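Have a look at the structure below before the remarks.
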Amino acid sequence: ASRIKGHADYTKADGEVLGLEGPAIPAPDPSTTKPEIKLVLITGGKVQLQWKKLGFTGIRIEVDRGSGWTFLDIDTKPHYEDPASPAAGATVLWKYRAIYLDGDTVFGQWSDVGTIAVIG
């Protein structure tokens, strides 16, 4: 599409016939944009945080393992695997949240908090 639109003889009318022209896609609204996260237990008592990029650079992830929110990591390629696991035989309740990154800048709102019981 970019090559066709870049041709010297291209007209907007031609683009409409070919389905290359349409309404502009609005920029994301920082007051409502937030990642959707899904927490999945994987082998070894680990948690995988699943998310979609949706054109952003990545996400900043925070975790609460019972003593408040702390920085966990920056992830630029879905999905993220938390390297931590509870002690053998322990069952813990961990909470995760994420926010989009546009370059190195935080963008939008925090995701809804995801909570998961993890068994060591």
Side-chain angles (χ1 to χ4, degrees):
S2 295
R3 190 182 67 160
I4 293 170
K5 290 176 104 176
H7 192 277
D9 294 331
Y10 178 82
T11 66
K12 189 170 181 176
D14 292 335
E16 289 172 355
V17 170
L18 295 171
L20 301 177
E21 296 289 336
I25 298 171
D29 180 354
S31 69
T32 59
T33 300
K34 63 183 178 179
E36 290 184 23
I37 62 172
K38 179 180 177 184
L39 304 177
V40 178
L41 287 175
I42 57 175
T43 309
K46 306 264 187 202
V47 175
Q48 183 182 70
L49 188 145
Q50 298 179 350
W51 63 283
K52 294 181 181 176
K53 226 171 165 172
L54 301 180
F56 290 95
T57 307
I59 57 173
R60 173 190 168 93
I61 304 167
E62 291 189 353
V63 64
D64 180 353
R65 300 193 203 279
S67 56
W69 292 109
T70 59
F71 171 76
L72 179 59
D73 211 341
I74 300 289
D75 191 31
T76 59
K77 293 192 290 188
H79 303 296
Y80 178 79
E81 183 178 319
D82 185 350
S85 56
T91 301
V92 294
L93 195 62
W94 288 346
K95 298 177 185 178
Y96 295 83
R97 67 182 182 179
I99 193 165
Y100 278 121
L101 294 173
D102 184 14
D104 292 333
T105 305
V106 168
F107 182 91
Q109 305 298 311
W110 285 102
S111 66
D112 293 338
V113 173
T115 304
I116 191 164
V118 187
I119 302 169

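Here the structure is a predicted model, which means the values were calculated and not measured.
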Main chain of [Y], side chain of [X]: is a donor-acceptor contact present, judged purely on distance under 3.5 Å?
{"X": "Gln48", "Y": "Leu41", "value": "no"}
{"X": "Ser111", "Y": "Ala98", "value": "yes"}
{"X": "Lys46", "Y": "Ser85", "value": "no"}

Give, for atom [atom1] of [X] and atom [atom2] of [Y], the distance between the pair rounded to the nearest 0.5 Å.
{"X": "Leu39", "Y": "Leu49", "atom1": "CG", "atom2": "CG", "result": "5.5 Å"}
{"X": "Leu101", "Y": "Thr76", "atom1": "CG", "atom2": "OG1", "result": "9.5 Å"}
{"X": "Trp51", "Y": "Ile37", "atom1": "CH2", "atom2": "CD1", "result": "11.5 Å"}

- Item | Partner set under salt bridge (Lys or Arg N to Asp or Glu O under 4.0 Å) for Asp112, not counting sequence neighbours |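 Lys34.
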
- Message: Applying a strict under-4.5 Å side-chain criterion to I, L, V, M, F, W and Y, I'd like to know whether Ile59 and Leu54 cluster together.
- Response: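 In one cluster with Ile59: Leu54, yes.
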
- Message: Membership question, hydrophobic clusters at under 4.5 Å side-chain separation (ILVMFWY): are Ile116 and Trp110 in the same one?
- Response: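 Different hydrophobic clusters.
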
Using the test side-chain hydrogen bond (donor to acceptor under 3.5 Å, both in side chains), find all partners of [X] that sit at least two apart in sequence or belong to another chain.
{"X": "Ser2", "value": "none"}
{"X": "Asp64", "value": "none"}
{"X": "Glu36", "value": "none"}
{"X": "Asp82", "value": "Arg65, Tyr96"}

- Message: Once salt bridge (Lys or Arg N to Asp or Glu O under 4.0 Å) is applied, what residue pairs with a partner in residues 48-62 remain, sequence neighbours excluded?
- Response: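 For residues 48-62, and leaving out neighbouring residues, the salt bridge (Lys or Arg N to Asp or Glu O under 4.0 Å) pairs sorted by first residue read Arg60-Glu62, Glu62-Arg97.
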
- Please examine the side chains of Thr91 and Val118, heavy atoms only from C-beta on, and report whether any two atoms are closer than 4.5 Å.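 With C-beta onward as the side chain, the pair stays apart.
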
Can you list everything that forms a side-chain contact (heavy atoms from CB on, under 4.5 Å) with [X]? Sequence neighbours excluded, please.
{"X": "Thr11", "answer": "Ala13, Asp14"}
{"X": "Lys5", "answer": "Tyr10, Leu20, Glu21"}
{"X": "Asp104", "answer": "none"}

- Can you sort out the partners of Phe107 under ring pair (Phe, Tyr, Trp, His ring centres under 6.0 Å), two or more places apart, ordered by chain and number?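 With sequence neighbours excluded, Phe107 shows a ring pair (Phe, Tyr, Trp, His ring centres under 6.0 Å) to Phe56, given in chain and number order.
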
- Quick one: ring-ring contact (aromatic ring centres under 6.0 Å, His included) pairs with a partner in residues 71-95, sequence neighbours left out?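 Every pair satisfying ring-ring contact (aromatic ring centres under 6.0 Å, His included) with a residue in residues 71-95: there are none.
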
- Message: For residues 17-47, which residue pairs pass the ring-ring contact (aromatic ring centres under 6.0 Å, His included) check, not counting sequence neighbours?
- Response: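 Every pair satisfying ring-ring contact (aromatic ring centres under 6.0 Å, His included) with a residue in residues 17-47: there are none.
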
